[in-house]
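Per chain, numbering begins at 1; letters A, B, ... match sequence-line order.
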Protein chains: 2
Amino acid sequence: MKTQRENSRLTTADRLVLTAMRLFGEKGYGSTSVADILREAGANSGSLYHAFPTKQDLLVAVLGLYRDGIEPMLLEPAWTGVDDPIEQIFALLASYRSRLEATGCTYGCPIGSLALELHEPDPPVREALAVNFDGWVSAVEGRLLAARDRLPAQTDIRALAQFVLTVMEGGVMQSRTHRSLQAFDAGVTVLRDYFQRLQTPPPTPDSTERS
Amino acid sequence: MKTQRENSRLTTADRLVLTAMRLFGEKGYGSTSVADILREAGANSGSLYHAFPTKQDLLVAVLGLYRDGIEPMLLEPAWTGVDDPIEQIFALLASYRSRLEATGCTYGCPIGSLALELHEPDPPVREALAVNFDGWVSAVEGRLLAARDRLPAQTDIRALAQFVLTVMEGGVMQSRTHRSLQAFDAGVTVLRDYFQRLQTPPPTPDSTERS
DNA sequence: TTAGGAGTTGATTGATCGATCAATCCAAGA
DNA sequence: TCTTGGATTGATCGATCAATCAACTCCTAA
């Protein structure tokens, strides 16, 4: 039983996608050569190009795998043992923090890295990236909706969910660049303060005003 | 008088750096070949390698130029005509919005793009990126300090300034990926709401409290 | 038992990459 | 005027890139 390399009981195509997923996350798309993928997957170039017309099609397959993995690989592990929907959001952020910490602030969000690395991606790639962001945002949106009654009535829930993604991605970017968790933690702390204030009923100093 | 290509009255080295700055911003570092730079700068490879030992040294020079340009090229234009320090912060964000809008959401923040494209940058590159972030954050921090009395006393000003950068970078990333200003605008709107709440005195239901 | 095709092998292709270097140009100092 | 050295030229290098393809293996269905 070989454990090195991507699970060798899988088909070659699956091994290639899993290896590419890992390497694209580690080194980016452009800096990962087809030869790198073939070597680490233990496959030959003919096998790759039998399963995928081009390297870019392999990338699209990787992005599809990320999309399908959001629920079972990302959300579910982050949320087990956390009941409060808003705390689930922060548990999700904490999972990114763990990832940063475990890798010395080199790994972050592979989707975000790819999104900024590929400046003018072909439509299928750009759409696959957007679908990943949408899936993430929708998951957070679901948690916010579960806490709807704790938030101001006029809150734009979708926009707030996008904002959570924004804070995560921006924090990861800075933490990776500074090789320090400080920036990520600062972002989460400020976001928590914002949620605190959202959940605190407004001034009501006199009485009327504010709908 | 040639106007095409980077100002031809400059030295060859300066033309190379300016051309590289533009191309690295447009296509990223890895996707910009030395041949691209030479062609658009109207120079020969020998000239480049006479001025810069490697392509990476050219990148470091570009990052230095960005750093030196923060004040005169970014902040000063964004802030003219805006007096309120907090509004200056949002004017800065608006300048990024303009940039996104003018380019169909393809350009964003070149520093952020490079920061995520280069996964394991050599120390001088990583440090040059970090210096750029620091300069940006310090500028925002200065505006927040100018509005110190309007913010809660216990506010972590530096962390809040980093948070502004986080929101900008995260918003740019999503807007570029979705090819739509919506995500960026949503981020700015939520940030504005947060600043609103920061500037609104807390509940004061009874009376005491507040340090 | 055999025919056929999906899957695999690995050498090879042409293009492109960053970088090199001998030759040449040219302006400033002696 | 001659000398010197920084700046420039442009052909060229070896490495590496994504992609190709004829040959081969092996499973399956007839």
Side-chain angles (χ1 to χ4, degrees), chain A residues 2 5-63 114 117-122 124-125 128, chain B residues 2 5-63 114 117-122 124-125 128:
Chain A
K2 314 183 202 165
R5 287 183 185 154
E6 262 61 37
N7 227 328
S8 47
R9 89 183 67 217
L10 300 169
T11 66
T12 303
D14 286 342
R15 261 184 300 129
L16 285 167
V17 177
L18 287 173
T19 304
M21 180 162 57
R22 179 170 55 82
L23 293 179
F24 290 164
E26 284 177 15
K27 317 200 295 175
Y29 177 71
S31 297
T32 300
S33 71
V34 171
D36 289 336
I37 299 167
L38 295 174
R39 180 170 21 83
E40 305 224 4
N44 296 100
S45 64
S47 295
L48 193 159
Y49 288 99
H50 178 75
F52 304 96
T54 68
K55 184 188 177 189
Q56 178 174 298
D57 290 283
L58 181 58
L59 171 62
V60 172
V62 166
L63 292 173
L114 290 167
E117 177 192 347
L118 307 167
H119 283 237
E120 284 169 342
D122 284 346
V125 174
Chain B
K2 313 184 201 164
R5 286 180 184 157
E6 264 60 36
N7 228 330
S8 47
R9 91 183 65 217
L10 299 170
T11 66
T12 302
D14 287 341
R15 262 184 300 127
L16 285 167
V17 177
L18 287 173
T19 304
M21 180 162 56
R22 179 169 56 82
L23 292 179
F24 290 164
E26 283 176 15
K27 317 199 294 174
Y29 177 71
S31 298
T32 299
S33 71
V34 170
D36 289 336
I37 299 167
L38 295 173
R39 180 171 18 84
E40 305 224 5
N44 296 100
S45 64
S47 295
L48 193 159
Y49 288 99
H50 177 75
F52 304 96
T54 68
K55 184 189 178 190
Q56 177 174 300
D57 290 282
L58 181 57
L59 171 62
V60 172
V62 165
L63 293 173
L114 290 168
E117 176 192 347
L118 307 167
H119 283 237
E120 285 169 343
D122 284 344
V125 175

Indicate whether the side chain of B:Ser47 and that of B:Asn44 have a donor and an acceptor atom separated by less than 3.5 Å.
no
Do B:Thr12 and B:Leu48 come within less than 4.5 Å of each other through their side chains, counting heavy atoms only?
no
Residue met sooner reading DNA chain D from 5', once B:Ser45 and B:Ala13 are mapped to nucleotides:
B:Ala13
Contact check, side chains of A:Leu16 and A:Leu38, non-hydrogen atoms, under 4.5 Å:
yes
Base, sugar-phosphate or nothing for A:Thr32? Non-hydrogen atoms, less than 4.0 Å.
sugar-phosphate
With distance as the sole test, does A:Glu117 use its side chain to make a donor-acceptor pair with the main-chain N or O of A:Gly30 at under 3.5 Å?
yes
Dump the intermediate steps for side chain to side chain contact (heavy atoms under 4.5 Å, CB included) on A:Leu58 and A:Ile37, then the final yes or no.
CA-CA 11 Å; A:Leu58 181 58; A:Ile37 299 167; 3.9 Å; yes
Within residues 46-59 of chain B, the residues having a heavy atom closer than 4.0 Å to DNA chain C are B:Gly46, B:Tyr49, B:Thr54, B:Lys55
Looking at every strand, decide which applies to A:Thr12 at a 4.0 Å heavy-atom threshold: base, sugar-phosphate, or nothing.
sugar-phosphate
Roughly how far apart are A:Met21 CE and A:Thr32 OG1, rounded to 0.5 Å?
13.0 Å
Is there a side-chain contact between A:Val60 and A:Phe52 in this structure, where contact means two heavy atoms from C-beta onward sitting under 4.5 Å apart?
no
Considering only heavy atoms of chain B and a distance under 4.0 Å, specify the first and last nucleotide of DNA chain C in 5' to 3' order that meet this criterion.
C:dC17 to C:dC21
Any side-chain heavy atom of B:Leu114 sitting closer than 4.5 Å to one from B:Val62?
no
